[in-house]
Amino acid sequence: QVQLVESGGGSVQAGGSLTLSCAFSVYQYASYCMAWFRQVPGKEREGVAAIYGERGRTHYDDSVKGRFTIIQDNAKNTLYLQMNSLKPEDTAMYYCAAEDVSLYGGTRCGVRAHFTYWGQGTQVTVSS
C-alpha cells in the first residue's frame, strides 16, 4: 500500500524560505514518479515539481523555476520541496503525489502527468 504524509507547511513572509517534507511508503520493486502539487480554493490543482528516481530528471512549472527544488532521498524515504524567494501567490495547500511508472520509466514523469496516490496536504501561507 502506498502512503504519503506531508509536513513542514506554515506561514512565512514574502521573500522567505520553507521546506516541505513528504514521508513516503511505496512498493520496493516498483519505479515511481514523485511530485508536488498545490491548490487554492476555487482553482484546479496544479503540478509544481516532479522527479523520477533519487537522481533522476526533475521537472518544474514555469512559475517556480529557479525558486523551488525537488529532492528525493530514498535512504530516508522522504521527498522534499525546498521553496525560496516565496511570493504571496505561492500560498496554497501543497500535496505530495506518486505514480507507479514501472512500465514506462521517466517518460511518463512530469508536472502534467497523472498521479494515483496523494497525501493529505500541508498549508503554505505567504504574507506580503
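- Atom CD of Gln13 sits about 5.0 Å away from atom OG of Ser127, to the nearest 0.5 Å.
- Ile70 and Val26 fall within a single hydrophobic cluster, where Ile, Leu, Val, Met, Phe, Trp and Tyr side chains are chained together by heavy-atom contacts under 4.5 Å.
- Using a distance-only test at 3.5 Å, with no hydrogens or angles considered, no donor-acceptor pair links the side chain of Thr125 to the main chain of Ser11.
- Counting all heavy atoms, side chain and backbone alike, Ala14 lies closest to Pro88 at CB-CD, 4.1 Å.
- Using a distance-only test at 3.5 Å, with no hydrogens or angles considered, no donor-acceptor pair links the side chain of Trp36 to the main chain of Val111.
- Remark: the backbone N or O of Thr116 is paired with a side-chain donor or acceptor of Glu99 at under 3.5 angstrom.
- Gly110 and Cys33 get closest at one heavy-atom pair: N-SG, 3.9 Å.
- Annotation: side chain of Arg55 is not in contact with side chain of Gln72 (no heavy-atom distance under 4.5 Å).
- Taking the six-membered ring where tryptophan is involved, the planes of Tyr94 and Phe68 are tilted, since the angle between them lies from 30° to 60°.
- Phe115 and Ile51 fall into different hydrophobic clusters, where Ile, Leu, Val, Met, Phe, Trp and Tyr are joined by side-chain heavy atoms under 4.5 Å apart, directly or via other members.
- Side-chain contact, Thr19 with Gln82: no donor N or O sits under 3.5 Å from an acceptor N or O.
- At most 12 non-hydrogen atoms from other residues, nucleotides or ligands lie less than 6.0 angstrom from CZ of Arg108.
- Residue Lys43 comes nearest to Gln39 through the heavy atom pair O-NE2, 3.0 Å, listed as atom of the first residue, atom of the second, then distance.
- Across Ala30 and Asp100, no two heavy atoms sit closer than the pair CB-OD2, 3.7 Å.
- Looking only at side-chain heavy atoms (C-beta outward), Val101 and His114 stay at 4.5 Å or farther from each other.
- Looking at Arg38 and Ser63, their side chains do bring a donor and an acceptor atom within 3.5 Å of each other.
- Hydrophobic clustering (side-chain heavy atoms under 4.5 Å, transitive across Ile, Leu, Val, Met, Phe, Trp, Tyr) groups Leu79 together with Leu20.
- Rounding to the nearest 0.5 Å places OG1 of Thr78 at 9.5 Å from CE of Met34.
- Side-chain atoms of Phe24 and Glu6, non-hydrogen and from C-beta on, never get closer than 4.5 Å to each other.
- Expressed to the nearest 0.5 Å, how far CD of Gln1 lies from OG of Ser25 amounts to 8.0 Å.
- Hydrophobic clustering (side-chain heavy atoms under 4.5 Å, transitive across Ile, Leu, Val, Met, Phe, Trp, Tyr) groups Val126 together with Met83.
- Rounded to the nearest 0.5 Å, atoms OH (Tyr95) and CZ (Phe37) are 12.0 Å apart.
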Margin query: Using the rule given for side-chain contact (heavy atoms from CB on, under 4.5 Å), can you reason through Val124 versus Thr91, listing the C-alpha separation, both sets of side-chain angles and the distance that settles it, and then say yes or no?
Written below: CA-CA 5 Å; Val124 172; Thr91 295; 5.9 Å; no
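- Checking Ser17 against Asn84 by side-chain atom types alone, a donor-acceptor pair falls below 3.5 Å.
- Here the OH-OG1 distance, from Tyr52 to Thr58, works out to 14.5 Å after rounding to the nearest 0.5 Å.
- A continuous path of Ile, Leu, Val, Met, Phe, Trp and Tyr side chains, each step under 4.5 Å between heavy atoms, connects Leu86 with Val64, placing both in one hydrophobic cluster.
- A salt bridge does not link Asp90 with Lys87: none of the charged nitrogens is closer than 4.0 Å to a carboxylate oxygen.
- Proximity of a side-chain donor or acceptor of Tyr32 to a complementary backbone N or O of Tyr27 within less than 3.5 Å is detected.
- Counting non-hydrogen atoms of other residues, nucleotides and ligands closer than 6.0 Å to CD of Gln120 gives a total above 12.
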